[in-house]
Amino acid sequence: MHPSELRAGALAALSIEQAGSKVTAVHALASAALPLDPALQLTPPPGIPGRPRRPRLVRPGELPRRPVTTPEGRAALLHALAHIEFNAINLALDAIWRFAGLPSSFYEDWLHVADEEASHFTLLEGRLRALGFSYGDFDAHNGLWEMAEKTAGDALARMALVPRTLEARGLDASPAIRAKLAGAGDADSAAVIDVILRDEIGHVAIGNRWFRFLCGERGLDARAADLELATRYAAPRLRGPFNLDARRAAGFDEDELRSLQP
């Protein structure tokens, strides 16, 4: 891949099918210091996002539950997390190329996110390989990307419903996932969850910042806009337990945190 402009480079990386090649392309894009044209209008090729033929995508309810007390069960959990990170790479790249006319720092922020998500994928794939498995060995679902498609026409909706809603759920889930892995004696995988949680707090904070920026540009009340968008796009209902410390660190205000409580 030899892009001459950042947003075009993000679209090119998004189109790559093989996971390892996509990770390499993202790291190269993040280190290339390419010129940026926020006004550039890009036409996506068919078939984005590029993704490998495996894993097979199924409905969430079709995914079997496996105990993490077995190597296969731990691998299935790590595979699910790796699939989330693969989708998160694509989501960050999609935000860069798709939404024109925003400040340069918007694109720089999401390139930073894509770069860290690619590193997370590599960490999780390494733990999978240590257990004798690879990305693609288990089925997965496509919920994150489905929300990306639903919000493709509006940067405000994307910020509200992907980083602030779906990815923030990852902040809530991380302590329990870490405890499961540590309880199964997999300290190395638990350490990977620590790295991911640390970085994902920053990613959700970026989503919060740009959601509020866009609300301000449009003269919208952020709380009212969030509720309206969640209803319009049928966002999943949030259920506890909530990682309030992580959400607070990611920029959710106290009113938002109180609204999560029953």
Side-chain angles (χ1 to χ4, degrees), residues 1 3 5-16 22-23 25-32 34-45 47-51 83-121 142-171 196 199-218 222 225-226 229-230 233 235 250-251:
M1 182 182 72
E5 190 275 338
L6 174 60
R7 294 178 57 231
L11 180 55
L14 180 65
S15 302
I16 295 171
K22 190 187 294 280
V23 165
V26 168
H27 290 323
L29 193 64
S31 63
L34 293 176
L36 168 66
D37 181 1
L40 185 64
Q41 297 295 323
L42 293 163
T43 302
I48 61 167
R51 54 174 300 274
H83 184 66
I84 289 170
E85 298 299 329
F86 182 79
N87 273 284
I89 298 169
N90 287 335
L91 286 162
L93 294 171
D94 192 74
I96 295 168
W97 84 262
R98 183 177 296 278
F99 299 117
L102 289 163
S104 297
S105 53
F106 175 88
Y107 308 103
E108 293 160 1
D109 277 349
W110 289 108
L111 180 60
H112 173 74
V113 171
D115 194 39
E116 288 191 339
E117 304 290 20
S119 294
H120 297 169
F121 178 85
N142 204 32
L144 265 176
W145 189 256
E146 288 170 358
M147 184 59 79
E149 291 177 333
K150 288 165 71 171
T151 58
D154 185 3
L156 178 65
R158 176 69 63 85
M159 295 300 106
L161 300 177
V162 175
R164 279 176 45 89
T165 300
L166 297 184
E167 294 187 274
R169 293 172 77 186
L171 306 183
I196 293 173
D199 293 344
E200 292 296 341
I201 288 171
H203 301 174
V204 176
I206 287 169
N208 268 322
R209 180 162 64 250
W210 288 108
F211 171 73
R212 291 179 181 132
F213 171 86
L214 290 164
C215 284
E217 272 206 330
R218 301 182 192 187
D226 187 60
L229 289 165
Y233 290 92

With rounding to the nearest 0.5 angstrom, report the [atom1] to [atom2] distance, [X] to [Y].
{"X": "His120", "Y": "Asp199", "atom1": "NE2", "atom2": "CG", "value": "3.5 Å"}
{"X": "Leu161", "Y": "Glu167", "atom1": "CG", "atom2": "CD", "value": "11.5 Å"}
{"X": "Ser15", "Y": "Trp97", "atom1": "OG", "atom2": "CH2", "value": "9.0 Å"}

>> Using side-chain hydrogen bond (donor to acceptor under 3.5 Å, both in side chains), reason through Asp109 and Trp210 one step at a time and then give a plain yes or no.
In response: CA-CA 10 Å; Asp109 277 349; Trp210 288 108; 2.8 Å; yes
Looking at every non-hydrogen atom in both residues, tell me the closest pair between [X] and [Y] and how far apart they are.
{"X": "Ala95", "Y": "Trp110", "result": "CB-CG, 4.2 Å"}
{"X": "Leu111", "Y": "Ala30", "result": "CD2-CA, 3.8 Å"}
{"X": "Gly251", "Y": "Arg212", "result": "O-NH1, 2.8 Å"}
{"X": "Thr165", "Y": "Ala160", "result": "OG1-O, 2.8 Å"}
{"X": "Ala152", "Y": "Phe99", "result": "O-CE2, 3.6 Å"}
{"X": "Leu91", "Y": "Ala148", "result": "CD2-CB, 3.3 Å"}

> Is Lys22 reaching over with its side chain to a backbone N or O of Ile89, donor-acceptor style, under 3.5 angstrom?
Replying inline: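 Checking the backbone N and O of Ile89 against the side chain of Lys22, no donor-acceptor pair under 3.5 Å is found.
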> Counting distance only, does the side-chain N/O of Arg164 pair as donor-acceptor with the main-chain N or O of Asn208 below 3.5 Å?
Replying inline: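 It does not hold such a pair.
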> According to the interplanar angle, ranging from 0 to 90°, do the rings of Phe86 and His83 count as parallel (below 30°), tilted (30 to 60°) or perpendicular (above 60°)?
Replying inline: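 Ring orientation of Phe86 relative to His83: parallel.
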Could you tell me whether the side chain of [Y] reaches within less than 4.5 Å of the side chain of [X], counting heavy atoms only?
{"X": "Pro38", "Y": "Leu102", "result": "no"}
{"X": "Cys215", "Y": "Leu156", "result": "yes"}
{"X": "Glu200", "Y": "Glu117", "result": "yes"}
{"X": "Pro45", "Y": "Leu11", "result": "yes"}
{"X": "Leu34", "Y": "Glu5", "result": "no"}
{"X": "Asp115", "Y": "Leu29", "result": "no"}
{"X": "Phe211", "Y": "Leu229", "result": "yes"}
{"X": "Tyr233", "Y": "Asp154", "result": "yes"}

>> Working note: Ser119 + His27, criterion side-chain contact (heavy atoms from CB on, under 4.5 Å); need CA distance, chi angles, decisive distance, verdict.
In response: CA-CA 9 Å; Ser119 294; His27 290 323; 3.3 Å; yes
>> As a quick check of understanding, evaluate side-chain contact (heavy atoms from CB on, under 4.5 Å) for Asn90 and Ile48, giving each step before the final call.
In response: CA-CA 9 Å; Asn90 287 335; Ile48 61 167; over 6 Å; no
>> side-chain contact (heavy atoms from CB on, under 4.5 Å), that's the test. Do Arg158 and Asp94 meet it? Break it down for me.
In response: CA-CA 10 Å; Arg158 176 69 63 85; Asp94 192 74; 2.9 Å; yes
>> side-chain hydrogen bond (donor to acceptor under 3.5 Å, both in side chains) for His112 and Glu116? Distances and angles first, verdict last.
In response: CA-CA 6 Å; His112 173 74; Glu116 288 191 339; 3.2 Å; yes
